[in-house]
Number of protein chains: 2
Amino acid sequence: MTDPAGPPATPTPPTSAAVARRAGVSRATVSYVLNGRAAGRVAAHTQARVRAAAEELGYVPHAAARSLRAGRGSIVLMAAPADAVPAFGPLFSHFLAGFQSALHHLGYTGVLHGAPAASPVAAARAWAELRPAAVLALHGPPLDAPAVELLRRAGTAAVLTHGPQAPPGAHALFLDHREAGVLAGEHLLARGRRRIGVVLPAEPGLAAFAGSRLAGVRAAAAGCPGAEVRPLDLALTEESAARLAAAWPALGLDAVFAYNDEYAMLLMRALQDAGRTVGGDPEQIAVVGADDLLPARLLRPRLTSVRTEIAAPDRIAGLVDGLVRDPAAAPAVHRLGTFRLMARDSS
Amino acid sequence: MTDPAGPPATPTPPTSAAVARRAGVSRATVSYVLNGRAAGRVAAHTQARVRAAAEELGYVPHAAARSLRAGRGSIVLMAAPADAVPAFGPLFSHFLAGFQSALHHLGYTGVLHGAPAASPVAAARAWAELRPAAVLALHGPPLDAPAVELLRRAGTAAVLTHGPQAPPGAHALFLDHREAGVLAGEHLLARGRRRIGVVLPAEPGLAAFAGSRLAGVRAAAAGCPGAEVRPLDLALTEESAARLAAAWPALGLDAVFAYNDEYAMLLMRALQDAGRTVGGDPEQIAVVGADDLLPARLLRPRLTSVRTEIAAPDRIAGLVDGLVRDPAAAPAVHRLGTFRLMARDSS
DNA sequence: TTGAAAGCGTTACCAA
DNA sequence: TTGGTAACGCTTTCAA
């Protein structure tokens with residue numbers, strides 16, 4: 001490959017200057033034309049020439065140079081779960097797709113960034129280097145005040161974190177897992193259950209959510225004399241579930257909220273294998289899951305589940321856009337979604 | 001908030017020039033110190049002063065400016081599935097976490113980018129704007145030659161796409177789904193099955209994989225006289241599965257490779273609800289899934305599954321790093337993983 | 001209608 | 001041991 005004219009792997013990417021040379025105009029003209037700011041400034045045939053030159057050269061603008069000059073980038077950074085894998089459920093994936101698309105229409109570039117971070121501040125520093133227009137921390141530990149401050153000082157217009165409250169300078173997106181617990185608890189109580197187990201997953205990263213759900217069940221039970229709530233440790237393995245099932249008689253529970261459809265399926269199977277029956281009749285054990293996954297509907301009995309209804313992706317995208325445009329907007333807590341109970345045969 | 005000294009949201013982020021002023025040194029010195037290139041150049045106490053100044057100002061280097069100057073960015077872009085949601089299985093999530101971490105140790109910033117793209121070239125253009133060091137297209141349609149060329153011309157050192165072969169200028173990461181089909185087919189044939197159905201998911205984005213898996217089963221059957229293979233359309237809904245189960249007698253199949261554990265679970269349940277029994281005995285219907293998901297082991301009978309063993313994340317990260325360092329490396333096809341059959345009770 | 005030039009934040013080179 | 005300066009690619013203001 002000694003052809004000096006067009007090597008397949010160009011050593012240096014074409015710049016707007018190269019386009020200008022080829023079209024016989026100035027760099028300024030190129031910029032105007034390619035950014036649609038040429039109306040009434042540049043002759044139509046000149047525009048055509050510029051576009052053709054750009055096309056032929058395979059010119060692509062350099063986002064870094066652009067945002068350097070503009071003083072602000074257009075990327076919206078989302079913190080990806082680094083190790084807490086289970087967070088990537090189909091729910092979140094689906095939300096993500098819609099969200100990215102909505103951001104795109106608003107002129108942003110949505111990007112998932114998952115670097116292993118020793119601390120929230122370390123993560124914030126890594127994110128800040130990219131000078132994003134906005135940062136959303138939807139997973140892992142919520143951003144704390146120092147992390148938010150770092151991001152704000154680095155020029156991030158909008159900082160959003162999940163969690164019940166917004167640190168100074170940030171906004172919060174809140175999915176109140178307590179509500180899930182309340183729904184499950186009230187449902188079970190209404191069906192006459194009084195001794196309710198609540199699964200606390202052994203897997204790390206889920207502890208915060210699990211705690212809230214437990215609190216929700218407790219809150220529901222508080223209004224019902226004679227009701228008892230008992231936390232249960234469970235790992236996502238068949239051994240762990242078998243152990244819990246073996247201990248069941250000693251526990252004397254008549255119902256369980258299993259955090260999750262996965263934990264629920266696991267436990268339900270273990271209980272059945274241990275000779276107990278699961279279902280809605282008083283002498284059976286009632287089981288409630290969450291997330292309303294498809295496989296859980298395939299079990300017999302069909303699993304009752306607390307479904308998460310996440311807010312419309314474009315609503316959140318609009319919110320982010322608004323915050324970017326008005327960085328000084330008063331911090332607030334925004335609902336990220338709600339829960340709904342899908343009653344089926346297991347309770 | 002009229003305090004002119006320290007507004008919480010700084011209007012302009014601190015620059016290296018600000019750090020230099022505060023420390024009473026030049027910008028060059030700041031650069032040396034903060035990049036660890038100061039050994040033997042800058043006095044220890046000067047270094048301390050610079051670091052202190054940076055700390056106090058909350059200085060974070062500007063990635064865009066850095067990569068502008070360096071001529072090359074350090075981000076590794078991974079194409080995220082924009083709409084083909086199912087790709088985000090636990091397998092991929094787990095790989096991703098390890099991969100990001102490995103990239104981080106090599107000095108890269110791994111980033112998932114999922115913009116809605118009208119075509120591969122449009123996607124490539126969006127990616128090229130970020131001037132990434134490397135691009136990995138692990139989902140969706142493989143990159144075609146024009147897309148690769150665009151990226152290469154934009155200076156992307158390493159372009160990797162999934163698929164059986166590498167377009168000019170790109171490398172390929174290949175997970176040969178045919179092998180999964182072969183494994184499933186051979187397994188079923190060895191168990192005496194001769195009339196094998198293969199599920200083709202109705203969901204788009206899976207067609208390519210499904211086709212390969214079907215081809216694999218066909219290849220296995222080709223070596224076995226009397227064996228027949230029949231494709232079956234199935235959507236991921238209970239209605240679709242019920243319809244297929246109802247048609248079963250007419251199909252006269254004694255085995256099915258269901259693409260996926262999810263499809264397998266769905267179909268297995270539908271068959272059972274229609275009064276057929278699933279299992280390894282000759283008069284039962286044999287069902288094989290794939291991906292070896294936990295819930296599939298909870299069904300009765302336990303589901304036989306083809307497990308995907310993805311390559312170690314740090315091996316892939318090392319590969320990418322090598323390609324970035326040597327952009328002219330001869331394109332090759334690299335195995336992304338292998339398959340293994342986990343025989344259980346359903347076949 | 002077009003061109004020239006400045007400046008965004010960083011780093012590498014060369015001079016002091 | 002340190003500082004000045006130029007250059008990366010782009011947008012934008014001002015002048016022609």
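Below, chains carry the letters A, B, ... as their sequence lines are ordered, and counting in each starts from 1. These numbers come from the heavy atoms of this one structure, side chains and all, not from hydrogens, waters or symmetry mates.
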Problem - Terminal axis angle for the helix from C:dT1-D:dA16 to C:dA16-D:dT1, five pairs an end, nearest 10 degrees - result: 50°

Handout entry: Integer-rounded Å distance: C:dT10 P and A:Leu130 CG
Key = 13 Å

Practice task
Compare the minimum distances between each of D:dG9, C:dT10, C:dT11 and the side chain of A:His62, then state the nucleotide with the smallest one.
Solution key: D:dG9

Practice task
Locate the shortest heavy-atom distance separating B:Trp127 from B:Pro132; write the atom from each residue and the value.
Solution key: O-CD, 3.4 Å

Exercise for the section: Give one of base, sugar-phosphate or nothing for A:Ala28, where a contact means two heavy atoms less than 4.0 Å apart. Expected result: base

Fill in the blank from the handout: Between A:Ala65 and B:Leu68, the two heavy atoms sitting closest are CB-CD1, 3.9 Å

Problem - Between P of C:dC8 and CZ of B:Arg27, the distance in whole Å - result: 10 Å

Handout entry: Separation of C:dT2 P from A:His45 NE2 (nearest whole Å)
Key = 6 Å

Handout entry: Nearest-nucleotide pick for A:Ala65, side chain only, options being D:dT2, C:dT11, D:dC10
Key = D:dC10

Practice task
Return no unless some side-chain N or O of B:Thr29 is found under 4.0 Å from OP1 or OP2 of D:dG3.
Solution key: yes

Problem - Euclidean distance, atom CZ of residue A:Arg21 to atom C1' of C:dA4 [Å, nearest integer] - result: 16 Å

Practice task
Could you tell me whether A:Ser67 contacts a base, only the sugar-phosphate backbone, or nothing, with contacts defined as non-hydrogen atoms closer than 4.0 Å?
Solution key: nothing

Handout entry: Interatomic distance where CZ belongs to A:Arg66 and P belongs to D:dT11 [whole Å]
Key = 5 Å

Exercise for the section: Working to the nearest 0.5 Å, report the span between OG1 of B:Thr15 and NE2 of B:His62. Expected result: 10.5 Å

Handout entry: Candidate nucleotides D:dT1, C:dT2, D:dT5, ranked by approach to the side chain of B:Ala43 - the nearest
Key = D:dT1

Problem - B:Glu149/B:Arg153 ion pair, N-O < 4.0 Å - result: yes

Exercise for the section: Taking the six-membered ring of A:Tyr32 (Phe, Tyr or Trp), confirm whether the NZ or CZ of A:Arg37 is under 6.0 Å from its centre and within 45° of its axis. Expected result: no

Problem - Exercise: identify the closest heavy-atom pair between A:His171 and A:Leu323 - result: CE1-CD2, 3.3 Å

Practice task
Using a 4.0 Å heavy-atom cut-off across all strands, classify A:Val30 as base, sugar-phosphate, or nothing.
Solution key: nothing

Exercise for the section: Indicate, yes or no, whether a donor-acceptor pair under 3.5 Å links the base of D:dT11 to the side chain of A:Arg69. Expected result: yes

Fill in the blank from the handout: Of B:Ala70 and B:Thr46, the one whose closest nucleotide on DNA chain D sits nearer the 5' end is B:Thr46

Practice task
Would you indicate, yes or no, if C:dT11 has its OP1 or OP2 atom less than 4.0 angstrom from a side-chain nitrogen or oxygen of B:Ser31?
Solution key: yes

Fill in the blank from the handout: Whole-Å distance, B:Gln47 CD to D:dT1 C1', equals 11 Å

Problem - Whole angstrom value for the distance that separates C1' of C:dC8 from CZ of A:Arg131 - result: 12 Å

Practice task
Can you measure from CG (A:Leu112) to NE2 (A:His139) and round to the nearest 0.5 angstrom?
Solution key: 7.5 Å

Practice task
Report the residue (A:Val25 or A:Leu68) whose heavy-atom-nearest nucleotide on DNA chain C is the more 5′ of the two.
Solution key: A:Val25

Exercise for the section: Assign A:Arg37 to base, sugar-phosphate, or nothing according to its heavy-atom contacts below 4.0 angstrom with the strands shown. Expected result: sugar-phosphate

Handout entry: D:dC10 base / A:Tyr32 side chain donor-acceptor hit below 3.5 Å
Key = no

Practice task
Could you grab the distance from atom CZ of B:Arg315 to atom CG of B:Leu336, nearest 0.5 Å is fine?
Solution key: 8.0 Å

Problem - Short side-chain N/O contact from A:Ser26 to OP1 or OP2 of C:dG3, under 4.0 Å - result: yes

